[in-house]
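Everything below concerns the one structure shown next.
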Amino acid sequence: MPDLRRQVLESGKTISRKAASREGSGRTSRTNSAQNSRHTSRNTSRQPSDDEDAGSLSDDTAISLGSLEDADSLDTESNNTDWTAELYEVVEDILDRKRSSVFGREETYSAYCRLSKFHYVEELIRHRVPDLLAAFCRSVKMETSVREAILALRALELLTITTADYTIFENVESLLTRTIRDSTSTTVKAAAIHCLGTCSMFGGAGDDGIQDQMTFILDIIASDGQSIDAQSDSACITAALQEWGFMATEIEDLESESEDSIQIFMDQLASSDPSVQVAAGENIALLYEKSYTPQEDDDDEGDEEDSDGNDNDHDSDSEEESFHTGPKLVKRYNAYHNTPELERQLQSLATVHAKRISKRDKKSLHSNFSSIRTTVANPRRGPMYRTAIDQETNRPYGNKLTVRIGRQGIMHIDRWWKWIRLNSLRRVLQGGFTIHYFQGNRAVLDSLPVVMVRMDTRNGRKSPKKGARMRQNRRWAMQEFSD
């Protein structure tokens, strides 16, 4: 009965109980049966937790890719042996709009998102991209229901990141910017901001188009959402900050934008929402990181001096080089004119103890802004870098962020651009990130470095023991991916 009432309110049409059940049965029957059947067997494909893999990553800081909920969904979908037939059926239902209802479109879009997230469907939908694009855009434009519009935007993101069709951006840019400005729902606005970032990065915007969208999004942040009639809406501000950072990773030179952008992001550090604060801080760290580039042959080898007259700490830099596996990084310009003031603001967030902040948010602020402040102080150091003193050698050492991808994949996140791209891809693909990575999704592979694959060299697949013996018996092999 609630579904019938919902359709009456949203579409203005009445529908029989029999028709309503027919609309939803095709989308839910297979999913329900798979979900019910999985509880009778042991979950053998769940990814190991951090505790289960503790000690196997030396002194790196390790995180698992995906939540337990994502792992459960992946396990359920992996048992869906009829997913290709279901996908063809879903696509046909999406394109058959004349005989669909609001609820029916919501269900088909939800099914499309599930299937294209947990399966790499590029070959199966390649010839239907223009039709699917038109259907998703129609739902976004009509905005008959908030859920339909949001699911259509999610489906559009997945279509873009799956097909690598470089005509998508030019077909959706005006619609997405209009939706961001004119939608009556701030939730739809936030989803459209995310979709605009994804379509810009993977839909053929190019550097000029990406920079235009960065300017548009920066105006949203600077006005605290007022420019799109979403005053102080944390979801819209967070989405704008995240997508600005995502697109900024693609632009090589941000010297002219750095000063004004950092000032705008500093204003957002005063937000009451931790997600806004962290996203703003990550963008600041990215801009400081971009002020350093690899050393070139014609660069001076002598001591480097900051433009504010302070000598660099070369002892610290030389120690850092022992942990940085890439080329030596050289400062090119000042990212911001008043770094000491910025560092004070970041330090206050790294040690905040206000009672109004939850324990979980406080922990997030402490860990994130400790890392961000470290990068601002020395942009050669990437995310999650920690320095300490080895009691035996009296020399500094550090931890770097390591991400597990699947059971064997390891990715070292030693730069902020890698961390920001990884988070953006995980937001779009969620628990399906690993599948898209290892099945050769070109958009994903081109966005992140090659994964390191752990291989044991003794006793077959038996895991080595912890400590030094483990490090001696584990070798690392580079996994190359072909087209």
Side-chain angles (χ1 to χ4, degrees), residues 70 109-110 112-114 116-117 133 136-137 139-141 143 146-163 165 168-169 171-205 209-221 224-225 227-230 233-250 265 268 273 275-276 278-280 282-283 286 417 419-433 436 441 443-444 447:
D70 288 336
Y109 290 165
S110 178
Y112 175 85
C113 290
R114 169 176 53 83
S116 60
K117 180 171 65 175
L133 183 63
F136 298 149
C137 288
S139 289
V140 174
K141 182 179 181 180
E143 200 173 319
V146 170
R147 184 167 183 257
E148 180 185 347
I150 291 174
L151 286 170
L153 289 164
R154 285 279 297 120
L156 178 55
E157 284 190 275
L158 288 164
L159 181 73
T160 304
I161 202 171
T162 299
T163 60
D165 186 325
I168 288 180
F169 175 78
N171 289 320
V172 303
E173 186 267 339
S174 60
L175 170 64
L176 293 178
T177 54
R178 185 166 61 250
T179 301
I180 293 169
R181 290 193 177 102
D182 300 337
S183 175
T184 57
S185 167
T186 54
T187 308
V188 172
K189 289 177 185 285
I193 291 172
H194 281 306
C195 188
L196 179 63
T198 301
C199 292
S200 298
M201 289 290 284
F202 304 117
I210 289 174
Q211 288 184 300
D212 289 342
Q213 301 313 312
M214 288 173 61
T215 301
F216 169 61
I217 288 178
L218 190 64
D219 185 49
I220 298 174
I221 302 168
D224 206 27
S227 65
I228 59 170
D229 196 23
D233 184 84
S234 59
C236 289
I237 302 302
T238 301
L241 286 163
Q242 291 172 344
E243 296 307 322
W244 190 95
F246 185 32
M247 289 187 281
T249 64
E250 186 70 15
F265 300 147
Q268 291 299 332
D273 191 299
S275 62
V276 172
V278 170
E282 289 179 348
N283 287 351
L286 175 67
W417 68 265
W419 174 246
I420 290 172
R421 286 189 181 185
L422 175 64
N423 280 334
S424 295
L425 292 171
R426 288 171 65 185
R427 183 195 60 79
V428 179
L429 297 171
Q430 299 174 358
F433 175 87
H436 282 257
N441 185 326
V444 178
S447 297

* **Under the side-chain hydrogen bond (donor to acceptor under 3.5 Å, both in side chains) test, residues paired with S227 that sit two or more places apart** => S223
* Structure fact -> To the nearest 0.5 Å, atom CD1 of I180 lies from atom NE2 of H194 at 10.5 Å
* Heavy-atom side-chain contact between L153 and L176 under 4.5 Å -> yes
* Asked: Under 3.5 Å, side chain of Q268 to main-chain N/O of I221, donor-acceptor pair present?
  -> yes
* To do: For T249 and R421, test the side chains for any donor-to-acceptor distance below 3.5 angstrom and give the result as yes or no.
  => yes
* Which distance, rounded to the nearest 0.5 Å, do you find between the CG of L159 and the OG of S116? -> 8.0 Å
* Gap separating the CD atom of E157 from the CG atom of L429, nearest 0.5 angstrom -> 9.5 Å
* Structure fact -> In I210, L196, I161, T160, the residue satisfying side chain to side chain contact (heavy atoms under 4.5 Å, CB included) with M201 is I210
* **Residues in side-chain hydrogen bond (donor to acceptor under 3.5 Å, both in side chains) contact with S424, at least two apart in sequence or another chain** => none
* At what distance, to the nearest 0.5 angstrom, does OG1 of T162 lie from NZ of K117? -> 12.0 Å
* Structure fact -> Here the gap from R154 atom CZ to R427 atom CZ, rounded to the nearest 0.5 Å, amounts to 7.0 Å
* To do: To the nearest 0.5 Å, tell me how far I150 CD1 sits from E148 CD.
  => 11.0 Å
* **Sidechain-backbone polar pair: K189 side chain, I228 backbone, donor-acceptor under 3.5 Å** => yes
* Please work out whether the ring planes of Y112 and F136 are parallel, tilted or perpendicular, with thresholds of 30° and 60°. => tilted
* Please determine, by modelled atom types, if T238 and S275 share a side-chain donor-acceptor pair under 3.5 angstrom. => yes
* Hey, can you tell me if F202 and F246 have their rings parallel, tilted or perpendicular (30° and 60° cut-offs)? => tilted
